[in-house]
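We use all heavy atoms of the structure for the numbers below, so side chains are in, but hydrogens, waters and symmetry mates are not. On a predicted model such as this, the values are computed, not experimentally measured, just so you know.
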Amino acid sequence: MTLVTEPRRAARRAPGPDAPRGTPDHGAWFLVLPALIPILVLSVGPLLYGVLLAFTDAQSGRTEPTRWTGTLNFQDLLHDTLFWESFRIGLVWAVGVSVPQFLLALGLALLLNQNLRMRWLARALAIIPWAMPEVVVGIMWRLVYNADAGILNETLRDLGLGGGHDWLSGLGTALPAVVVVGVWAGMPQTTVALLAGLQNTPRELHEAAAVDGAGAWRRFRTVTWPALRPVALAITALNLIWNFNSFALVYVLTNGGPGGRTRLPMLFAYEEAFRYGQFGYAAAMGCVMVAVISILLAVFLVGRLRGDDSEGGDEA
């Protein structure tokens, strides 16, 4: 009797060929939990707590209990000209770093994709800035920009072009000097992403275009760039986010000076929270930064995707 009933029970437990394939597997959640729990605890939890903190008057060293103030912090932010000035500087910084970063990385990726001698060494040297911590990069470039004994001023003196410029303390040179450091420090990761995209492009397409008489520029425009466009779109969006949220590099180089000319929004929020103890107000700044940059990125991505669709329709 057992020999008959056991196979029947197993057949009832096994899914039949007509069973829906979209049925969720609850056992898969146990495999996801080890990776999901740290994300919830270390990312989602602090994010939600920061959003709640933005609607309170939380301050450091306060003996009275924290009160719910509603949208008061956001109303104050609307009239805070210093914050919006730092926001403008942050947008200038993000675009000023991301655009040259992408163009230089694209040229470097195209070069490293060629069959050159010692290409492995060139690729290793290209990612050295990526392997260095931002604090180390900031200290190194402070020495480069040093007004008295910096390499940059010494080179200018040797070339007879003057010298002694205080690059990081000048009102007109501080932000461009910091932008140069940001481009140098962030270019390797963009180069690696673009190089990976180039290596995924079939060489047969380039060979066929060359046989048809297409030059280097035409091959890039009709073969390389269409295959590289998704990678370029993704890395550009990520660079805008990373650069807008920069903190350590600018903090080490200028600490937001001179006169607030390099005070990025993250630096402004840091000062409000940990120098002046206005935790609720600083949290409101963070919420506004996340909301605005998300809207700008959404507009950017939708515009690029529509442009890609229209180009695809024209080619069709």
Can you confirm whether more than 12 heavy atoms, excluding those of [X], are under 6.0 Å from its [atom1] atom?
| X | atom1 | value |
| --- | --- | --- |
| I151 | CD1 | no |
| R157 | CZ | yes |
| W68 | CH2 | yes |
| R219 | CZ | yes |

> Under the side chain to side chain contact (heavy atoms under 4.5 Å, CB included) criterion, do D76 and D80 qualify, and how do the steps go?
Replying inline: CA-CA 6 Å; D76 293 338; D80 193 341; over 6 Å; no
Taking all non-hydrogen atoms of both residues into account, name the closest pair between [X] and [Y] and its distance.
| X | Y | value |
| --- | --- | --- |
| G257 | A174 | O-CB, 4.3 Å |
| G170 | P258 | O-CG, 3.7 Å |
| L194 | A232 | CD2-CA, 4.2 Å |
| A273 | A282 | CB-CB, 3.6 Å |
| A126 | L108 | CB-CD2, 4.0 Å |

With rounding to the nearest 0.5 angstrom, report the [atom1] to [atom2] distance, [X] to [Y].
| X | Y | atom1 | atom2 | answer |
| --- | --- | --- | --- | --- |
| L82 | E272 | CG | CD | 9.0 Å |
| S60 | Y276 | OG | OH | 12.5 Å |
| W130 | T190 | CH2 | OG1 | 9.0 Å |
| T224 | R229 | OG1 | CZ | 11.5 Å |
| L175 | L168 | CG | CG | 11.0 Å |
| L53 | T66 | CG | OG1 | 7.5 Å |

Without placing hydrogens or testing angles, list every side-chain donor-acceptor pair under 3.5 Å for residues 91-107, not counting sequence neighbours.
from: W93; atom 1: NE1; to: N243; atom 2: O; distance (Å): 2.5
from: S98; atom 1: OG; to: A94; atom 2: O; distance (Å): 2.7
from: S98; atom 1: OG; to: N243; atom 2: ND2; distance (Å): 2.8
from: Q101; atom 1: OE1; to: N239; atom 2: ND2; distance (Å): 3.3
from: Q101; atom 1: NE2; to: G182; atom 2: O; distance (Å): 3.3

Any link between [X] and [Y] through a network of hydrophobic side chains (Ile, Leu, Val, Met, Phe, Trp, Tyr) touching at under 4.5 Å?
| X | Y | answer |
| --- | --- | --- |
| W84 | L72 | no |
| F279 | L47 | no |
| V41 | L52 | no |
| F247 | L253 | yes |
| V252 | M266 | no |

> Can you find a heavy atom in the side chain of S86 that is under 4.5 Å from one in the side chain of L264?
Replying inline: no
What about the rings of [X] and [Y], do their centers lie closer together than 6.0 Å?
| X | Y | answer |
| --- | --- | --- |
| F74 | F55 | yes |
| Y270 | Y251 | yes |
| F244 | F87 | yes |

Strictly distance-based, threshold 3.5 Å: is any side-chain N or O of [X] a donor or acceptor partner for the main-chain N or O of [Y]?
| X | Y | answer |
| --- | --- | --- |
| D166 | A147 | no |
| Y145 | A177 | yes |
| T173 | S169 | no |
| T236 | L233 | no |
| S43 | L40 | no |
| N113 | L195 | no |

> Do we see a donor-acceptor contact under 3.5 Å between the side chains of W167 and N153?
Replying inline: yes
> Just checking, any donor-acceptor pair under 3.5 angstrom between side chains of T262 and T254?
Replying inline: yes
> For T201 and L228, what are the C-alpha separation, side-chain angles and deciding distance, and is it a side chain to side chain contact (heavy atoms under 4.5 Å, CB included)?
Replying inline: CA-CA 8 Å; T201 305; L228 198 62; 5.8 Å; no
> Going through the checks in order, is the side chain to side chain contact (heavy atoms under 4.5 Å, CB included) test met by R261 and I89?
Replying inline: CA-CA 7 Å; R261 296 300 176 92; I89 294 173; 5.5 Å; no
> Any ion pair linking R263 and E85 (charged N to carboxylate O, less than 4.0 Å)?
Replying inline: no
>> I'd like to know whether L77 forms a side chain to side chain contact (heavy atoms under 4.5 Å, CB included) with M285, so could you lay out the CA-CA distance, the side-chain angles of the two residues, the decisive distance to 0.1 Å, and finally the verdict.
In response: CA-CA 7 Å; L77 273 180; M285 291 182 184; 3.7 Å; yes
